[in-house]
Amino acid sequence: MNAFLPFSRPTIDEATIAAVGEVLGSGWITSGPKVLEFEKVLSEYFGGRQVRTFNSGTCTMEIALRIAGIGVGDEVITTPISWVATANVILEVGATPVFADIDPVTRNIDLDKVEAAITARTKAVIPVYLAGKPVDMDRLYAIADKYNLRVIEDAAQAIGSTWKGKPIGSFGDFVSFSFQANKNITTSEGGCLVLNDEIEAIFAEKYRLQGVTRSGWDGIEVDVLGGKFNMTDVAAAIGLGQFAKLDAITAQRRKLARHYFATLGKDFEQRTGAQLPPEDYENTNWHLFQVVLPDRITRPEFMEKMKVHNIGVGFHYAPIHLFKLYRERGFTEGMFPVAERVGRQIVSLPMFYAMNEADVERTCMAMCDVLNGPSN
Ligand SMILES: *Cc1c(COP(=O)(O)O)cnc(C)c1O
């Protein structure tokens with residue numbers, strides 16, 4: 001029997017482990033020089049834009065909403081198919097989440113439905129780039145301009161993804177990334193926010209650490225209510241080591257995605273009734289390789305049967321609007337039918353940097369076996 005193949009696994013190289021050891025031995029283990037170095041490297045990658053790091057991706061979105069002045073009485077449009085964090089931050093600032101259904105092909109928010117959901121109270125939209133696939137960025141920003149909306153891009157999964165050759169994050173409004181353990185590059189936990197100017201960046205620093213600003217050599221002032229969201233130098237040292245590999249990681253994931261398509265063959269969808277993701281090697285960083293199962297097999301049954309082949313399968317995500325917290329706010333079954341079907345049947349196959357083509361082949365064989373009996 002082959003060893004267990006998880007759906008995701010981080011790869012931390014020896015140089016990074018040594019760098020973390022150095023930080024731990026240095027006497028300064030919280031936010032310090034490594035955080036500044038990591039922010040500088042990220043800013044260069046994002047075309048010189050302002051970047052600040054945090055201890056999660058979630059808090060970056062909450063902070064962006066606060067900087068934009070969004071709160072009670074304001075509506076924010078987002079997708080039901082994301083990690084629940086995306087909608088929770090809207091509630092966290094006292095605003096009202098409004099969901100727009102997804103596109104069945106990209107599984108991202110449907111921009112036509114975004115436009116249809118806009119009201120006089122709409123202040124912002126939070127698109128999510130599921131599996132690292134961007135939405136149509138030209139259309140997104142055309143809508144934002146037309147209706148005077150702020151955009152908080154939930155690019156948690158999209159580091160290394162591009163649009164027309166430009167990295168996601170190097171243009172646009174607020175762009176939020178996560179460095180949680182399963183993401184393409186990790187700091188174990190962490191995130192960063194790309195901002196528009198120094199004024200926003202100073203606000204981000206305040207919200208990040210108790211609202212404190214320093215004045216003079218020993219003076220501090222507090223003028224906004226901030227929290228405790230700073231990244232540590234330990235985490236930043238991991239991030240620097242990971243960032244150095246970003247291009248290699250993206251290239252390897254694209255290669256694995258190609259191999260999935262090649263191995264499954266052109267008639268896979270017809271043969272099985274399952275739906276593959278759009279075949280995109282240009283923009284997508286292939287954070288996930290997601291398949292929507294045919295209705296004749298339930299997701300728990302599929303996951304159980306894949307486990308018999310010693311293959312781990314993840315699922316991303318259950319529709320947010322059907323969680324109790326959201327049902328209590330008036331959302332019910334039937335409101336977003338595409339999201340509900342995708343949310344019921346979507347699975348994430350193994351996809352990570354240290355995987356090889358034999359792992360892809362093993363996964364495809366197992367999946368074909370589970371879906372249709374013995375594969376060819
Ligand atoms: C990972 C993720 C988040 C949250 O990031 P954390 O760093 O875990 O707070 C939010 N949205 C999406 C789409 C994610 O994948």
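Start at 1 and go down the list; that is how both ligands and their atoms are numbered.
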Going by the 4.0 angstrom heavy-atom rule, the piece of Y317 near ligand 1 is side chain
Could you list which atoms of ligand 1 come closer than 4.0 Å to a heavy atom of T86? 11 (N)
Taking a cutoff of less than 4.0 Å between a non-hydrogen atom of the residue and any ligand atom, is S82 in contact with ligand 1? yes
Okay, side chain of T79, backbone of I81: is any donor-acceptor separation there less than 3.5 Å? yes
When distances are taken from atom 12 (C) of ligand 1, the protein heavy atom at minimum range is A156 CB, 3.4 Å
min-distance protein heavy atom vs atom 10 (C) of ligand 1 -> D154 OD2, 3.6 Å
Name the closest protein heavy atom to atom 1 (C) of ligand 1, giving the residue it belongs to and the distance to 0.1 Å. K183 NZ, 1.5 Å
So is C59 touching ligand 1 or not, going by heavy atoms under 4.0 Å? no
Test side-chain hydrogen bond (donor to acceptor under 3.5 Å, both in side chains) on N55 and R208; report intermediate values, then the result. CA-CA 9 Å; N55 59 15; R208 179 169 70 179; over 6 Å; no
Is it possible for you to check whether R66 lies under 6.0 Å from the centre of the six-membered ring of F203, through NZ or CZ, and within 45° of that ring's axis? no
Nearest-contact summary for atom 15 (O) of ligand 1 - protein heavy atom, Å: Q157 NE2, 2.9 Å
For the pair S176 (side chain) and T60 (backbone), establish whether a donor and an acceptor sit closer than 3.5 Å, ignoring hydrogens and angles. no
So is F179 touching ligand 1 or not, going by heavy atoms under 4.0 Å? no
Residues, nucleotides or ligands: over 12 heavy atoms within 6.0 Å of L24 CG: yes
Reported CD-to-CG distance for the pair E62 and N88, which is rounded to 0.5 angstrom: 10.0 Å
Does the ring centre of F54 sit less than 6.0 Å away from the ring centre of F229? no
Specify the protein heavy atom at minimum distance from atom 5 (O) of ligand 1: its residue, its atom name, and the distance to 0.1 Å. S178 OG, 3.2 Å
Does Y353 have R253 sitting over its ring (NZ/CZ under 6.0 Å from centre, angle to axis within 45°)? no
Need the ligand 1 atom indices (1-based, order shown) with element for anything under 4.0 Å from a heavy-atom of V128. 13 (C)
Atoms in ligand 1 with a heavy atom of G190 nearer than 4.0 Å: 7 (O)
Under 3.5 Å side-chain donor-acceptor pair for T86 and D154: yes
Does NZ or CZ of R299 fall inside the cone over F315's six-membered ring, less than 6.0 Å from its centre and within 45° of the axis? yes
Taking 4.0 angstrom as the limit and counting only heavy atoms of Q180, give me the atoms of ligand 1 inside it, by number and element. 7 (O), 8 (O)
For S56, the atoms of ligand 1 under 4.0 Å from one of its heavy atoms are 7 (O), 9 (O)
Test of understanding: given a 4.0 Å heavy-atom threshold, classify the contact between T58 and ligand 1 as side chain, backbone, both, or neither. both
